[in-house]
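Read through the structure below, which is laid out as structure tokens, and then see the notes.
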Protein chains: 2
Amino acid sequence: MHTPYHHGDLPNALRRAAEEVITEKGLGNFSLREVARRAGVSHAAPCHHFGDVRGLLTSLATEGFEVLCRVTSEAASRETDPSERLVAIGEAYVALAAQYPAHCQVMFRVDVVDQSDQRLMDAGLRAYGVLRDTVADLISSENLKVDLDNTTNLCWSAMQGLVELQPKLDHLDELLGRPAVDTRERIRRFTELILNGVRSHV
Amino acid sequence: MHTPYHHGDLPNALRRAAEEVITEKGLGNFSLREVARRAGVSHAAPCHHFGDVRGLLTSLATEGFEVLCRVTSEAASRETDPSERLVAIGEAYVALAAQYPAHCQVMFRVDVVDQSDQRLMDAGLRAYGVLRDTVADLISSENLKVDLDNTTNLCWSAMQGLVELQPKLDHLDELLGRPAVDTRERIRRFTELILNGVRSHV
DNA sequence: CTGTTAACTTGCCGATGTCAAGTTGTCACT
DNA sequence: AGTGACAACTTGACATCGGCAAGTTAACAG
């Protein structure tokens with residue numbers, strides 16, 4: 001049995017600590033040394049495993065895409081109707097954003113992540129594939145005349161934009177004196193509009 | 001005539017320098033001291049005017065929303081048909097993202113900007129209002145049965161998501177062996193899909 | 001028991017953000 | 001014109017940061 005030094009799996013412990021720090025203090029106040037402190041190791045230990053602060057964050061982003069891939073797959077497999085699957089994927093996506101805020105803050109941040117990392121790219125592609133496959137099913141099952149990639153991209157962009165603008169939208173509702181809208185409800189309404197769009201396409 | 005110290009308007013010179021640094025080195029490698037260096041002032045001068053690194057970036061973000069408000073208004077005023085106006089606003093938005101990348105990197109970044117800043121909030125609201133007014137015109141002119149705020153939010157989310165995912169989408173096209181798609185073209189296709197959606201809503 | 005290698009630690013460097021205290025222009029008022 | 005007040009900076013200091021280099025310790029193979 002391996003019991004190397006302090007942890008059984010320091011890389012993972014460092015990811016957990018990083019997640020904690022980002023969730024608490026935000027990505028702007030993120031520091032490698034604080035991560036090391038929380039994991040109970042020296043300040044240079046993270047660099048040994050991840051080489052770089054980018055390396056650690058890239059690893060966290062990769063983990064995020066893997067989780068995204070898993071939860072969207074599971075959500076999709078619970079529904080049989082393709083359009084319901086699309087809604088389920090959207091809901092799973094925003095649920096992930098709520099449950100793993102740290103990961104989501106990192107996953108699409110081109111400037112803090114190593115875009116040339118192979119594992120990150122693979123995980124991202126697999127997650128994209130889940131959405132794309134569902135849209136493909138929807139198109140073929142209803143014999144729609146829309147472009148697969150274009151529609152997939154619109155769905156993804158709308159979800160991504162929603163996740164990012166969420167606090168701003170909530171604040172707007174408040175300012176405009178509108179009743180608060182749940183994010184799940186927002187996703188459902190978005191999907192409804194988009195579905196109408198692709199269905200009426202000629 | 002005012003000629004205080006070195007510059008006629010140091011706050012603005014600092015914003016320009018900040019824009020330059022962010023565009024060149026990215027927000028991750030942004031540093032107040034480098035901004036001061038480029039503006040030819042001491043390292044603490046920025047803090048005097050903006051109090052904080054957040055203050056400077058918040059000011060930049062506010063400027064970004066003001067420009068966004070201006071260019072979308074102008075773009076909208078050049079078209080008479082509401083649906084064409086919507087497309088024009090989208091195109092103006094992505095054009096802004098291309099022309100002022102530094103501003104756009106900052107405008108929606110909750111973690112680096114002071115969300116409680118009044119001027120920032122005002123500018124953001126005005127920019128949102130341009131889009132909302134256009135959607136309202138569209139709804140009333142075609143007598144559509146969709147919710148104004150919901151539709152506005154979908155448009156904004158899709159645009160916002162597109163701006164953020166743009167590099168990833170381009171990379172995906174490359175990986176999947178698809179021909180490259182211009183971002184203006186993406187916006188046009190998105191708008192088309194969304195328009196179909198709102199028009200066929202019952 | 002010894003050698004090798006991976007998993008860390010310790011120490012150091014230049015750079016950064018921010019605070020406190022000085023310094024220097026500028027303008028209002030007499 | 002002279003004087004005070006005030007704004008616009010500068011200078012200096014401090015804790016902290018990321019990353020590198022060199023040392024130290026643990027585990028395992030032979």
Side-chain angles (χ1 to χ4, degrees), chain A residues 1-22 24-61 102 105-106 109-114 116-117, chain B residues 1-22 24-61 102 105-106 109 111-114 117:
Chain A
M1 182 65 77
H2 291 248
T3 315
Y5 260 69
H6 299 84
H7 299 81
D9 187 2
L10 183 55
N12 199 56
L14 289 171
R15 270 188 295 264
R16 296 289 75 74
E19 191 183 351
E20 206 178 291
V21 172
I22 294 174
E24 277 180 31
K25 307 194 165 189
L27 191 50
N29 300 90
F30 173 82
S31 118
L32 258 193
R33 286 170 115 100
E34 170 126 24
V35 169
R37 243 174 271 136
R38 298 211 188 193
V41 290
S42 78
H43 67 262
C47 281
H48 177 69
H49 287 282
F50 298 103
D52 215 339
V53 59
R54 293 173 76 87
L56 174 53
L57 294 178
T58 301
S59 175
L60 203 64
Q105 280 186 57
V106 168
R109 285 282 300 276
V110 184
D111 53 329
V112 298
V113 152
D114 180 14
S116 64
D117 186 274
Chain B
M1 182 66 77
H2 292 248
T3 316
Y5 258 69
H6 300 83
H7 299 82
D9 188 1
L10 183 54
N12 197 57
L14 288 171
R15 271 188 295 265
R16 296 291 74 75
E19 190 184 350
E20 205 178 292
V21 172
I22 295 174
E24 277 180 29
K25 307 192 165 187
L27 191 50
N29 299 90
F30 174 82
S31 121
L32 258 194
R33 285 171 117 100
E34 169 126 23
V35 169
R37 242 173 272 135
R38 299 211 186 192
V41 289
S42 80
H43 66 264
C47 281
H48 176 68
H49 287 282
F50 299 103
D52 215 340
V53 58
R54 292 174 76 87
L56 174 53
L57 294 178
T58 301
S59 175
L60 204 63
Q105 280 185 58
V106 168
R109 285 282 300 276
D111 53 328
V112 298
V113 153
D114 180 13
D117 186 275

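All chains are named by letter (A, B, ...) in the order of the sequence lines, taking the proteins before the strands, and each is independently numbered beginning at 1.
- By the side chain to side chain donor-acceptor pair (under 3.5 Å) test, B/D117 is found to be paired with no residue, residues two or more places apart in sequence or in another chain being considered.
- Looking at residues two or more places apart in sequence or on another chain, you find a side chain to side chain donor-acceptor pair (under 3.5 Å) between A/E19 and A/R16.
- When the P atom of D/dC17 is taken as reference, atom CG of A/L56 falls 15 Å away, rounded to whole Å.
- You'll find that the side chain of A/A45 is closest to C/dT9, out of D/dG19, D/dT10, C/dT9.
- Residues A/L57 and A/S59 have side chains not in contact (no heavy-atom distance under 4.5 Å, counting atoms from C-beta outward).
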Side-chain polar contacts of residues 43-53 of chain A - donor-acceptor pairs under 3.5 angstrom, sequence neighbours left out - could you list them?
none

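- The CG-P distance, from A/L14 to D/dG18, rounds to 13 Å in whole Å.
- The side chain to side chain donor-acceptor pair (under 3.5 Å) search around B/R37 returns none, not counting sequence neighbours.
- For A/R33, the salt bridge (charged side-chain N to carboxylate O under 4.0 Å, His left out) test picks out no residue, with sequence neighbours left out.
- The separation between A/N29 atom CG and D/dG18 atom C1' is 16 Å, rounded to whole Å.
- When rounded to the nearest whole Å, the span between CG of B/N12 and P of D/dA8 equals 15 Å.
- Residue B/E34 contributes atom CD, which lies 11 Å from atom P of C/dA15 at whole-angstrom precision.
- Taking the C1' atoms of five terminal pairs at each end of the helix from C/dC1-D/dG30 to C/dT30-D/dA1, the two resulting helix axes are inclined by 0°, rounded to 10°.
- Looking at residues two or more places apart in sequence or on another chain, you find a salt bridge (charged side-chain N to carboxylate O under 4.0 Å, His left out) between A/R38 and A/E20, A/E24, A/E34.
- Between B/L14 and B/L10 there is a side-chain heavy-atom pair separated by less than 4.5 Å.
- D/dG19 atom C1' lies 8 Å from atom CG of A/D52, rounded to whole Å.
- Heavy-atom nearest nucleotides on DNA chain D were determined for A/F30 and for B/P11, and the one closer to the 5' end corresponds to B/P11.
- Among residues two or more places apart in sequence or in another chain, the salt bridge (charged side-chain N to carboxylate O under 4.0 Å, His left out) test is passed with A/D111 by A/R109.
- Checking C/dT18, C/dC8, D/dG18 against the side-chain heavy atoms of A/H49 singles out C/dC8 as nearest.
- Residue A/H48 places its side chain closer to C/dC8 than to any other of C/dC8, C/dG17, D/dG19.
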When you compare the protein's N or O atoms with those of nucleotides 12-16 of chain D, which come within less than 3.5 Å of each other, and at what distance?
residue	atom	partner	partner atom	Å
D/dG12	O6	B/H43	NE2	3.0

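- In this structure, B/L10 atom CG and D/dT10 atom C1' are separated by 12 Å, rounded to whole Å.
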